[in-house]
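In what follows, chains carry the letters A, B, and so on, assigned in the order in which the sequence lines appear, proteins first and then strands, with residues in each chain numbered from 1. Here the structure is a predicted model, which is why all the values come from computation and not from measurement.
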Amino acid sequence: MNITSAQYRAKFVPADAPTPSEPNCAIMAVIDGVTVGVPLQAGNRHYAEIMRQVDAGTLTIQEAD
Amino acid sequence: MALSTIKTASIANDAITADKIINDGNLGVRNLIINGALTVWQRSTSSTSTGWGYYTADRWNTNLRDGAGTMSQYDMGSELQPFIYAFKTAMTSAATTSPVVQQKIEDSRRFKNQTVTFSFYAKASKAITVDTQFDLLWANSSNATTAQSNSITTSWQRFTYTVTLPNPSGSYNATYDHLYCKFILPISDTYDFYITGVQLELGSTATPFEHRSYGDELRRCQRYYYRIASDQYAYFATGRVINTSDPLCAITFPTAMRLTPSVTSSNTATWYNNAGSIIGVVNPAVHYSSGESNINTIDVKFQASGTLSSNNSPMMYAFNPAGYIDFDSEL
C-alpha cells in the first residue's frame, strides 16, 4: 500500500454525552490515491499497514483538526 | 435385485454410514473457499492494477508484481457447464517475480495440522506450469507448504491434491493468523490463465464442486466487503444533521462484517438530501463519526457544501450513477 497521508479524525460527541476516553474514531488516509476512512482496530488491514509504516518511521499521523 | 426395486425399507439401518456419505460427497457446506465459482464481482469485472490488492472478483487477492496485464471476469459460455464465470489473468508483459492469485481464509485454528484437499479447474492460452501452495500464518509467522506443480494446458482440467498443513508452535494471533491459498504464476512469460471451481475441504477426498446460490455466496463475500452501488435517486440511508453542515447517517450492513470496516467512496459520487439540495461530494468527507460503528452498522458523516438546518433528517441518495460507498474488512 502506498500511503501518502494520514490524519486522525476526532469523534463526534453529542452535547449531553460524556467525554470519550479515546478522542479519535478513525484515521483518514490516502492509500493508493484513494481517501480511506480507517477504524482504529487491530486486524483491519489498512490500520495494520498504517501502524507498520509509523513504526518504521516512514509515516506520521497528523493530529485531528 | 434391480436397483429400481430397492426401497428405503430394503436398506438396513446401519448400511449407510457417515463415512460413506462423506466419501460420496453428499454433504453441503464443504467448500472453505468463498466465491470459488467466481460468481460475485462487487468491485469490478476488470482491472490492470498491480501490487497486492482486491481489485475484481470478491475475496480474491492478487499481485501482478512487476509484470503487466489484466485480471478479468471470463464468461464460460458453454464451457464446463454449469460454471458461469472464471477468473482470467492475462499477462501481457512478463514479470520477473511470480504473480500471485490467492485467497486468504480466516482463522488458522481451523487448519493447523489438518489434512485438506484442494481442487480447481484451470486452463491457459498455452501450456504453462502453475504452482499451488498454502501458507498457514501462526504466531504472525509464515509456515508454507511445499509448492505443488500443476501442468496447465489449453483444455479445462480438474486438479486435485491433498496435503497436511503445518503444525507450528506458538500462540494463535487473531489479528494476523489466516490461511493463504495461493496460485503462483509463471515468470518471464506472457499467457492467459483461467481458474474456476476452486474448492478447499477438510479431509483427504476431493468431492464434486459445491455449487452455491448467488445469494448465499454474496452474503459470504459481504462479511469481508460490501458495496453500496449507486442506484440513481434510490435512498440508501437516513440521517440527522448534527450541526448546520454535516448529516450523520447510520448504515446497516446486510451481514455482520469481520471487523469494523474501512470506508471509501467514489470520487464521482455526489450525494443529495431529500429536499434536492446538494449535500456534497463524499470523498473525502465520508468518515466515522462517533465511535459507535461496529461489525453490524456504521455511522458515516457526510459533509454538506451548504448550510443545513440542525436536527433535520435528510434521506441520502446518489445523483451520479457511477457513485458508490465501499466497506472493507478484508484480510
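- A:Gly43 approaches B:Thr175 most closely through the heavy-atom pair N-CG2, 3.2 Å.
- Annotation: A:Asp65, atom CG; neighbour count of heavy atoms from other residues, nucleotides and ligands within 6.0 Å does not exceed 12.
- Considering only residues two or more places apart in sequence or on other chains, A:Pro23 meets the side-chain contact (heavy atoms from CB on, under 4.5 Å) condition with none of them.
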What's the verdict on side-chain contact (heavy atoms from CB on, under 4.5 Å) for A:Arg45 and B:Trp52, showing C-alpha distance, side-chain angles and the deciding distance?
CA-CA 12 Å; A:Arg45 64 192 179 102; B:Trp52 289 114; over 6 Å; no
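- Crowding of A:Glu63 atom CD: a count of heavy atoms from other residues, nucleotides or ligands under 6.0 Å not exceeding 12.
- Closest of all the heavy-atom pairs between B:Leu259 and A:Asn44 is CD1-N, 3.7 Å.
- In this structure, A:Asp32 CG and B:Ser49 OG are separated by 8.5 Å, a value rounded to the nearest 0.5 Å.
- For the salt bridge (Lys or Arg N to Asp or Glu O under 4.0 Å) test, residues two or more places apart in sequence or in another chain that qualify with B:Arg220 are B:Asp216.
- Among B:Asp326, B:Asp328, B:Leu331, the residue making the largest number of heavy-atom pairs under 4.5 Å with chain A is B:Asp328.
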